[in-house]
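Read the structure below first, then the notes.
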Protein chains: 4
Amino acid sequence: MEKRKNIPSLVKDPKLIEKRREQIIEAAVDLFIKKGFHKTTTREIARASGFSIGTLYEYIESKEDVLYLVCDAIHAEVEGRLREAITFNGNALKILKLALRSFFRVMDQMSDRVLLIYQESKSLPKETLRYVLRREEEISLIFEDILRKGIADGSIGIDEKHVKLMADNIMVLGEMWVFRRWALQRHYTLEEYTEKQTALLLREISVSE
Amino acid sequence: MEKRKNIPSLVKDPKLIEKRREQIIEAAVDLFIKKGFHKTTTREIARASGFSIGTLYEYIESKEDVLYLVCDAIHAEVEGRLREAITFNGNALKILKLALRSFFRVMDQMSDRVLLIYQESKSLPKETLRYVLRREEEISLIFEDILRKGIADGSIGIDEKHVKLMADNIMVLGEMWVFRRWALQRHYTLEEYTEKQTALLLREISVSE
Amino acid sequence: MEKRKNIPSLVKDPKLIEKRREQIIEAAVDLFIKKGFHKTTTREIARASGFSIGTLYEYIESKEDVLYLVCDAIHAEVEGRLREAITFNGNALKILKLALRSFFRVMDQMSDRVLLIYQESKSLPKETLRYVLRREEEISLIFEDILRKGIADGSIGIDEKHVKLMADNIMVLGEMWVFRRWALQRHYTLEEYTEKQTALLLREISVSE
Amino acid sequence: MEKRKNIPSLVKDPKLIEKRREQIIEAAVDLFIKKGFHKTTTREIARASGFSIGTLYEYIESKEDVLYLVCDAIHAEVEGRLREAITFNGNALKILKLALRSFFRVMDQMSDRVLLIYQESKSLPKETLRYVLRREEEISLIFEDILRKGIADGSIGIDEKHVKLMADNIMVLGEMWVFRRWALQRHYTLEEYTEKQTALLLREISVSE
DNA sequence: TATGAATGAGTCTTCATTCAT
DNA sequence: CATGAATGAAGACTCATTCAT
C-alpha cells in the first residue's frame, strides 16, 4: 500500500537522516555505476559518503537498503525532472509532445542511472523489488494522465482502453534509448530519435485516425 | 577476429570437454536465473553439474568462465533456433515476416535466459564481454541479410544505408518483450505483440513507401 | 632508499597497529619455526595471535607480509641485542672482541630464528626479499664500523680495502654456528667456538701482522 | 642402519624404476631450484619428467619422496665428483690440498643444488630427513679419512681427537661459499677463496705446529 | 551520534593423490 | 605399465555487519 519502503534508522533526527541518506545515495550511485552493486563494498560506500562504516549503518540496516535508496532516488529524479519540464498550458497533444521530448532527454542524460536500475534491482529482496517497480509505474502514470486529458479535450484520438498500453509503449521507447544506446547512437542523434519515435506514436493516436 | 573465446581446460579429450561443459552450462543457467551470478557459488555449480568442485575446475579456469559459457550458449541457442525457423522459400518480405514471428517467439520462450545475459554479462571481464556482444551482432546480421535480400528482389523498399538501423530496431523490439514482459503481457499476448510490431515495421519498409 | 617496507593496514591507530603486529610476530615466529612458513596457515597465525582471521587481515595484506614482519623483527632483535652489548669504552680491538663474543652468543640464543630467515626468506616476493637482505647488511655494518675505528686508533692492523670482507667473514662465522650447530656442538661449546674463531680472526688483523 | 631410504614402487622392473627416477630427479631439481619445493606441483614434475601424473605416482608414493630423491641425488653427485677428483697418489697432505680444491670447485658448480638441500630439506618427514643428513656425513668422512691417513703417514700434524672437528670445519667452508656467495664473490674469486681458506687450514694442521 | 576495530561465515581456487581404463 | 579424469580437503582472503567506546 505504501509507496515508499520505510528503512529503520538508529538516528532520531529526520532532517539528519535525510541529509545522510542523500550523501549515501550520491556516493553509492557513482560506485554502483562504476563497479556494480556486488563489487562495491560497504566500506567504499561509507568512505565515499564522507563518514565511517559505523555511521553508515546508523542510517541503513543492510547493503541492500542502499541499493533500494539508490533505485528509489533515481526513479524520483526521473519523475521529478519529467514533471518539472511539463507545463500544463495548451492542449494535451501539445503537452504530450513536450513530455516525450523531455522524457527522452531525461533518459538520455540519466542513462547510466537508469541502466543501473535494470542491471542491479534484481539483487533487491523480492518485497523491496516490488516497491521499485511500483515507482516506475508512477512515471508511466504521467503519460496516462496526459493521454486521458487528450481524450477529454479531444486532442488525442484513442480509446480509453488503450491508454495504459500506449503509456507502456512510451516507457519502452525511452528505455530502448538507454539499453541500446551504443547501437542506436551509431545511426541517430537523440534529436532524430525523438522526432522519429514521436512521429510514429502520433500517427497512432492522431484524432483523424 | 575469433568468434569464440577459447577457454583452456586441463582435460585433453575434446569430446569430454564439450560434454562436461554442456553439463556445466545447463546447471549454471538455472542457478544464475534463480539466484543471479554473484549469489551462485562454484560449489553449487559443481554439484548441480553432477561432479565435484575439483572436476569443475578441470573444465574452466574461473567462475567468470562459466558466465561466459552460459552467455555464449544462450546466444547460440537464440541464433540456432532463429535460423532453423527460417525457410528460404519465397521473397524476402515473406521471410522477414516469418523471421520476426520466430524471433519474438524465441525471445518469449527464452526470456529468462536473455534477461540473464542483460543482467549479468556486465560481470564479465571487459575483453570477454566483447565476445558476447559480438555474438549478439551475429543475430542482428540475420535480419540484415534478409533486408538486403529484400532490396535485391524488390520486395522490401528501404535504402541500403538504413539496413543496419532497421535490423537494430528489430532486435530492440525483441528485447523489449523480454525486459518489459511483466508490463506488456498485461495488455498483449505474444501473438498480438507480434502482429502489431510487424505491422508497424512493415509500414516503414513497404515498397510503396 | 627506505630501510623498512611499509605494510598498509586497515586500522588507523599506529599504537594499535604496532601492538597487534607484535602479537602477530610472536605467534608466527613460533609457528614458522615449528612447522615452516608454508605449512602454517593464516588461521593458525590468527588464533595464536589471539584474534580472528578477519582481524589478522586488518593488520597485514597477505601471508607473505607476516613472513616479512617476522624476518624484519628477527633482524632487528639481532641488531638490537648486539648494539646494546657493545660498550664503546676502550680501543676498537677490545670492542671487537666484545662484539664477537656478543654476536656469537646472540646467534646461539636466536639460532632457531636466524635459521628461519635462511630457510624461509626465499618465499618472500623479490622486492621484499631485498629489504630483508639489506637489513642483514646493517648488522655487518656494525663490524665494519668497529674495524674502521680500529684502523683509526691503531689497534687493528688491516687495510681499509679489506674491511668489508672481514666484516663478511665475521657474519659467516656467526651463521656457521647456526647452520651447523648440530655438528659443531658435538665438539665445541659456544665458549670454545668463540675463543677459537676469535683467535683465528685476531691473528689476521693483529697490528703486528 | 640403512644408508638409503627404500621408496616403494608399483613397478617391478628395477632398471625401469631407476631410469624413471632419474628422469624425475632431473626434472624436479630444476623446478625446485626455480620455484621452490612448495610452489612446484606434482603435475609440473610429471610433465617435466616426460610422463603423466599417473606414471609419476607409479614410481613414488608422495611428493616428499621426490624431494628425498632429489636431495639424495645431489649428495651423491657431490660425493661422486669429489671422490673421482681425488687421486690417491702422494702423501695425505697433498691429497688434502687437492681434495679441498675439488670440494670448493664442486660446491661452486653445484651451489644451486646444495642451496636447495639447505632450504628445502626441512620439508622432509623427520625420519627421511635423517637419511639426508646421514648422507652429508658421508662426504665429511672423505675428509676424515684423508686426515687420518695424514696422521698415519706423518704429513698432517693433528690429534686424532680433532679429526672430526676439522672435517666439519672443512664442510662449513664449502657451504659458506654456497650460502654467502653473493657477499663473498664481491671480494674473492673462487680461486682466491680456495687459496686463502686452504692456507688458514693448513696453518692449523701443519706438522710443525 | 560517530567511530572504527573486531568478527567469522563464506568464497574462489589449488593440488596431491587415486583409480578405472 | 601408462594414462589422465575425478576427487575433495584445505587454503588464502573478503566483507557485511556488530558493538564497545
Side-chain angles (χ1 to χ4, degrees), chain A residues 9-13 16-17 20 38-47 50-66, chain B residues 9-13 16-17 20 38-47 50-66, chain C residues 9-13 16-17 20 38-47 50-66, chain D residues 9-13 16-17 20 38-47 50-66:
Chain A
S9 168
L10 295 175
V11 174
K12 300 285 153 62
D13 180 1
L16 191 53
I17 293 179
R20 291 279 180 260
H38 281 102
K39 293 207 174 156
T40 300
T41 68
T42 51
R43 273 180 151 98
E44 287 172 318
I45 296 169
R47 195 182 323 128
F51 34 72
S52 70
I53 181 69
T55 302
L56 178 66
Y57 274 87
E58 299 272 312
Y59 297 94
I60 54 155
E61 288 195 310
S62 73
K63 192 184 171 190
E64 281 159 352
D65 283 347
V66 178
Chain B
S9 168
L10 293 176
V11 172
K12 295 178 178 178
D13 180 2
L16 192 54
I17 293 178
R20 291 277 180 263
H38 282 103
K39 293 208 174 156
T40 301
T41 68
T42 51
R43 283 190 138 77
E44 286 172 317
I45 297 170
R47 198 179 321 126
F51 33 71
S52 70
I53 182 67
T55 300
L56 177 65
Y57 275 89
E58 297 267 307
Y59 296 94
I60 54 155
E61 288 192 313
S62 72
K63 193 184 168 190
E64 282 161 351
D65 283 347
V66 178
Chain C
S9 169
L10 294 176
V11 173
K12 295 178 179 179
D13 180 2
L16 191 55
I17 293 178
R20 291 278 180 264
H38 282 103
K39 293 208 175 157
T40 301
T41 69
T42 52
R43 283 190 140 79
E44 286 173 318
I45 296 170
R47 196 180 322 126
F51 32 72
S52 71
I53 182 69
T55 300
L56 177 66
Y57 275 89
E58 297 266 307
Y59 296 94
I60 55 155
E61 289 193 313
S62 72
K63 194 184 169 191
E64 282 162 351
D65 283 347
V66 177
Chain D
S9 169
L10 296 174
V11 175
K12 298 286 153 64
D13 179 359
L16 191 53
I17 293 179
R20 291 278 181 261
H38 282 101
K39 294 207 175 157
T40 300
T41 67
T42 52
R43 273 181 151 97
E44 287 172 318
I45 296 170
R47 194 181 326 127
F51 35 71
S52 70
I53 183 69
T55 301
L56 178 67
Y57 275 86
E58 299 272 313
Y59 296 95
I60 54 157
E61 288 194 311
S62 73
K63 193 184 170 191
E64 282 159 351
D65 283 348
V66 178

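All chains are named by letter (A, B, ...) in the order of the sequence lines, taking the proteins before the strands, and each is independently numbered beginning at 1. Values in this document were obtained by computation on a predicted structure and should not be read as measured data.
Comparing B/G50 and C/T40 along DNA chain F, the residue whose closest nucleotide (by nearest heavy atom) sits nearer the 5' end is B/G50. Remark on DNA chain E: of its neighbouring residues D/K63 and A/T55, the 5'-side contact belongs to A/T55, judged by nearest-heavy-atom nucleotide.
Among the atoms of the strands shown, only primed sugar atoms or phosphate atoms (P, OP1, OP2) are found under 4.0 Å from some heavy atom of D/R20. Counting non-hydrogen atoms under 4.0 angstrom, C/L10 reaches the backbone sugars and phosphates but no base.
Of all nucleotides present, only F/dG11 satisfies the Watson-Crick or G-U wobble test against E/dC12, with each distance under 3.5 Å. Pair assignment for F/dA20 gives E/dT3, based on Watson-Crick or G-U wobble hydrogen-bonding distances that are each under 3.5 Å.
Look at CD on D/E44: it is 8 Å from P on E/dA16, rounded to the nearest Å. Taking atom CG of B/L56 as the reference point, atom P of E/dT14 lies 11 Å away to the nearest angstrom. Computed from coordinates, the A/K12 NZ to E/dA2 P distance equals 13 Å when rounded to whole Å. As rounded to whole Å, 16 Å separates atom P of E/dA5 from atom CD1 of C/I60. Atom CD in D/E64 sits about 14 Å away from atom C1' in E/dC15, given to the nearest Å. One atom, CD of B/E58, and another, P of F/dG8, lie 13 Å apart when rounded to the nearest Å. One can place NE2 of D/H38 at 11 Å from P of F/dA12, the figure rounded to the nearest angstrom. If you take CD1 of A/I53 and P of F/dC19, they are 15 Å apart, rounded to a whole angstrom.
One finds no side-chain N or O of C/T42 lying less than 4.0 angstrom from the OP1 or OP2 phosphate oxygen of F/dC13. The shortest distance between the side-chain N/O atoms of B/S52 and the OP1/OP2 oxygens of F/dG8 is not below 4.0 Å. Put simply, B/T41 has no side-chain N or O that comes within less than 4.0 Å of OP1 or OP2 on E/dT11. Considering only side-chain N and O atoms, A/Y57 lies nowhere under 4.0 angstrom from the phosphate OP1 or OP2 of F/dC19.
In the set F/dA5, E/dA5, F/dT7, E/dA5 carries the atom at the smallest distance from any side-chain atom of C/V11. Candidate nucleotides F/dT3, E/dT7, F/dC13 were compared by shortest atom distance to the side chain of C/F51, and E/dT7 ranks first. For D/Y59, counting side-chain heavy atoms from C-beta on, the closest listed nucleotide (F/dA2, E/dA2, F/dT14) is F/dA2.
Taking both residues in full, the closest heavy atoms of D/V11 and D/I17 are given as O-CD1, 3.2 Å, listed atom of the first, atom of the second, then distance. Looking at every heavy atom in both residues, B/E44 comes nearest to B/T40 through OE1-CA, 3.4 Å. Between C/Y57 and C/L10, the shortest heavy-atom distance links the atoms O-CD1, 4.1 Å.
Panel note: side chain C/S9, backbone C/E58; a donor-acceptor pair is recorded below 3.5 Å. Not one N or O on the side chain of C/T42 forms a donor-acceptor pair closer than 3.5 Å with the backbone of C/K63.
Ring orientation note: the planes of B/F51 and B/Y59 are tilted relative to one another, at an angle of 30° to 60°.
Taking 3.5 Å as the limit, the base of E/dT13 and the side chain of B/R43 contain a donor-acceptor pair of atoms between them.
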